[in-house]
Amino acid sequence: MHWADVIANEVIKKGGKHLISTGISPSGFIHVGSLREAITANAVFKAMKDKGADVELIYLVDDYDPLRKRYPFLPECYEKEVGRPLCQIPCPGDHCHESYGHHFIQPFLDAIGEMGIKPHVYFTHELYEQGRFAELTDLVIREKDKVAQILKEVTGRDVPPNFWPVSPQCPECGHFTDKVTGYEYPYVHFKCGCGHEGKADIRKGEAKLPWRIEWAAKWKILGVTCEPFGKDHAAAGGSYETGERFSRDLFGIEPPFPIPYEFIQFKGKGQMHKSTGIVVTGTDALMITPAPVLSFSVLRYNPERHIDYDPGLGILDVVDEYDQVEAMYFNGGAEDKDKDFLRAYEIAQPKCVRTKLPLHVPYRHLVSLVQISDGFEGIVDILKRTENVAELLPEDREVLQERVNCVKHWLANFAPEDVKFSVAAELPQMTLSDQDKVLLRAFHDALAKVEWKGDNIHNAVYECAKGAGVQTKVAFQLLYGIFINKKQGPRLGYFLSTLDRNFVLDRIAAAMN
RNA sequence: GGGCCCGUAGCUCAGCUAGGUUGAGCGAUCGGCUCUUAACCGAUAGGCCGUGGGUUCGAAUCCCACCGGGCCCGCCA
């Protein structure tokens with residue numbers, strides 16, 4: 001059974017209404033690893049729905065969290081924003097979003113939307129402003145000794161002296177402060193580091209709970225019954241463990257069913273990190289990987305396994321495998337061991353599963369086609385001409401279009417050099433032997449007569465090479481050299497057939513002189 | 001100091017939850033399609049299942065220890 005179904009069954013066992021929660025603190029570019037959380041949550045959500053459960057999926061944008069530091073991508077003037085909540089910091093783009101938090105979360109929400117993940121989105125700062133945390137904040141402050149006790153028991157560390165489980169936001173400097181001087185509902189009195197003294201109303205979003213407590217509070221306020229989270233939270237003494245205690249001992253609820261998951265790593269370079277400059281954002285990943293393929297490539301692994309994300313050649317294998325599973329899904333032939341793959345395929349569909357096998361153009365071939373042809377229609381023409389395809393259904397065009405776009409972005413940003421080529425605008429510099437020229441002469445003559453089809457051109461290469469007494473290998477290298485200035489390339493006959501005949505003849509003629 | 005994951009073919013991984021002759025894909029090699037070249041097909045090779053113990057009639061699978069690799073917590077979120 002696929003892991004999403006296993007988890008779904010576990011969660012359903014507890015009965016009642018269910019809420020799967022996921023979210024992030026939108027402090028910067030959201031990398032591909034964060035997609036895993038959304039995909040994981042969505043997979044369980046879908047699995048539970050399939051089983052008839054009453055379940056909802058939400059996404060919490062923690063934009064009341066403070067900016068932790070000025071990241072390298074931020075201009076110097078953001079130095080003063082450090083410590084202020086993300087929802088109140090100006091957009092670091094060209095005023096394209098209403099806040100810092102929105103600027104980073106919106107593209108991400110768009111990205112998961114493309115994968116068919118459409119949770120109900122909450123912005124944490126709004127929950128605070130609406131006073132939804134007020135009751136629990138009051139409880140937590142009144143029970144602060146118990147809170148301190150739990151933190152100590154779980155983490156093994158003493159809380160600082162004069163501990164208050166709440167951080168008021170100073171209206172003067174906008175920073176959160178831990179210098180609390182007293183509490184009487186609904187006001188937290190404080191003396192900020194900037195010198196300002198005041199009181200914060202916990203009903204109006206003027207004070208924030210510390211993260212570990214806030215997490216558990218959200219479980220209670222929203223009724224969360226299941227939540228995936230990165231392994232960082234899952235460690236012993238980690239935040240999930242404190243969350244469990246707060247839930248049971250303070251809030252009187254059962255903590256949500258946990259789904260700890262491993263991170264996605266950048267192949268060969270360790271974990272992705274903003275500071276190293278190696279960042280593949282969720283949006284990047286979707287630009288080079290068709291949405292269902294990306295989903296599938298996450299769903300095929302158990303959450304506890306780490307995934308190496310290879311934005312290079314690895315992408316091609318992933319797409320190939322996806323296509324293979326897709327073919328199995330529609331054509332049958334799956335064995336027991338493939339069942340989980342089929343299920344992963346099913347869950348990975350952004351919309352609903354197609355009624356018949358979609359058009360398959362081998363992805364590697366598409367990589368060639370995209371480089372041969374100018375536009376989308378040109379690619380369609382080549383496909384038709386080379387008899388791979390008769391007519392394209394609208395859905396097939398959609399899939400093909402998405403893939404063509406992905407291939408283009410991939411070629412532009414991630415593809416290794418040896419798969420790239422382009423038709424040389426002019427004859428590359430090269431020295432030819434007499435034998436080469438004899439071959440070209442023969443080839444020129446042959447091509448002038450032959451029907452302009454890939455097969456025929458391809459055959460002509462062999463015939464001419466034989467006739468001229470040249471090794472076919474040499475002949476191919478010569479021709480690739482003339483047209484793309486490389487020693488190898490896409491299947492030559494088909495490649496040339498996509499070019500204009502006169503252009504091809506002229507180029508060969510030019511090479512002979 | 002603590003926690004998690006991984007170690008099976010050159011590479012990526014299945015198989016481990018219910019012990020019973022290790023599998024697949026890619027790659028490689030060879031071959032086929034009148035044609036070695038990045039669309040196809042076929043065949044072949046390739047593995048003391050990290051190491052050492054234990055349980056068992058029998059262990060890749062369960063238990064223990066160790067080695068190696070990756071990551072996380074012990075600041076904050």
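A, B, ... follow the sequence lines: proteins, then strands. Residue 1 opens every chain.
Between Asp445(A) and Arg441(A) there is a salt bridge, with a side-chain nitrogen of the basic residue lying less than 4.0 Å from a carboxylate oxygen of the acidic one. Between Glu241(A) and Arg245(A) there is no salt bridge, since no side-chain N of the basic residue sits under 4.0 Å from a carboxylate O of the acidic one.
Residue Val419(A) is classed as a base contact, given a heavy-atom separation below 4.0 Å to a base. Among the atoms of the strands shown, none is found under 4.0 Å from any heavy atom of Gly156(A). Nucleic acid contact class of Glu262(A) (heavy atoms, under 4.0 Å, all strands): base. Within 4.0 Å of Asp65(A), counting heavy atoms only, lie sugar-phosphate atoms of the nucleic acid but no base atom.
Arg364(A) places its CZ atom 14 Å from the P atom of rG25(B), with the value rounded to the nearest Å. Gln324(A) places its CD atom 13 Å from the C1' atom of rC13(B), with the value rounded to the nearest Å. When the C1' atom of rA14(B) is taken as reference, atom CZ of Arg343(A) falls 20 Å away, rounded to whole Å. Atom CG of Leu151(A) and atom P of rC73(B) are 17 Å apart (whole Å). We find that CG of Asp232(A) is positioned 17 Å from P of rG3(B), with the value rounded to whole Å. Put simply, CZ on Arg300(A) is 14 Å from P on rG25(B), counting in whole angstrom units. The separation between Lys231(A) atom NZ and rC4(B) atom P is 11 Å, rounded to whole Å. In this structure, Ile264(A) places its CD1 atom 15 Å from C1' of rG70(B), rounding to the nearest Å.
Nucleotides rG25(B) and rA43(B) place their P atoms 10 Å apart, quoted to the nearest Å. Comparing the C1' positions of rA14(B) and rC33(B) gives an interatomic distance of 33 Å, to the nearest angstrom. Taking the C1' atom of each, rC16(B) and rU22(B) are spaced 12 Å apart, rounded to whole Å. Spacing between rC67(B) and rG53(B) at atom C1', rounded to whole Å, works out to 14 Å. For rG20(B) and rC62(B), the P atoms lie 11 Å apart once the distance is rounded to whole Å. Distance check on atom P: rC64(B) versus rU55(B) gives 15 Å, rounded to whole Å. As rounded to the nearest Å, rG74(B) and rC4(B) have C1' atoms that lie 15 Å from one another. Separating the C1' atom of rG69(B) from that of rA59(B) is a span of 24 Å, rounded to the nearest Å.
Nearest heavy atom pair, residue Arg36(A) against residue Val298(A), reads CG-CG1, 3.8 Å. Smallest separation of non-hydrogen atoms from Ser27(A) and Tyr71(A): O-CE1, 3.3 Å. Looking at every heavy atom in both residues, Cys406(A) comes nearest to Pro290(A) through SG-N, 3.5 Å.
Within 6.0 Å of the NZ atom in Lys152(A), the count of heavy atoms belonging to other residues, nucleotides or ligands does not exceed 12.
Between Phe330(A) and Tyr345(A), the angle of the ring planes goes over 60°, which puts this pair in the perpendicular group of the 30/60° scheme. Taking the six-membered ring for Trp and thresholds of 30 and 60 degrees, Phe495(A) and Phe421(A) have ring planes more than 60 degrees apart, a perpendicular arrangement.
No donor-acceptor contact under 3.5 angstrom links the side chains of Glu129(A) and Tyr64(A), judged on distance only.
The nucleotide whose nearest atom lies closest to any side-chain atom of His365(A) is, among rC5(B), rA77(B), rA39(B), rA39(B). Here the side chain of Arg68(A) is nearest to one of rA38(B), rG25(B), rC76(B), namely rC76(B). The side chain of Ser368(A) sits closest to rA38(B) out of rC5(B), rA38(B), rA77(B).
Put simply, the side chain of Arg305(A) and the base of rC5(B) share no donor and acceptor less than 3.5 Å apart.
Within a heavy-atom distance below 4.0 Å of RNA chain B, the residues of residues 235-245 of chain A found are Ala235(A), Ala236(A).
Remark on RNA chain B: of its neighbouring residues His306(A) and Lys486(A), the 5'-side contact belongs to His306(A), judged by nearest-heavy-atom nucleotide. Mapped onto RNA chain B by nearest heavy atom, Tyr301(A) and Gln371(A) fall at different nucleotides, with Tyr301(A) at the one closer to the 5' end.
With sequence neighbours left out, Lys408(A) forms a salt bridge (charged side-chain N to carboxylate O under 4.0 Å, His left out) with no residue at all.
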Under a 3.5 Å cutoff on both atom distances, Watson-Crick or G-U, what's the dot-bracket for RNA chain B ([ ] crossing, | other strand)? ((((((((.[[[[.)....(..]]]].(((((.......))))).....[[[[[..)....]]]]])))))))....
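Here Trp164(A) and Phe190(A) keep their ring centres 6.0 angstrom or further from each other.
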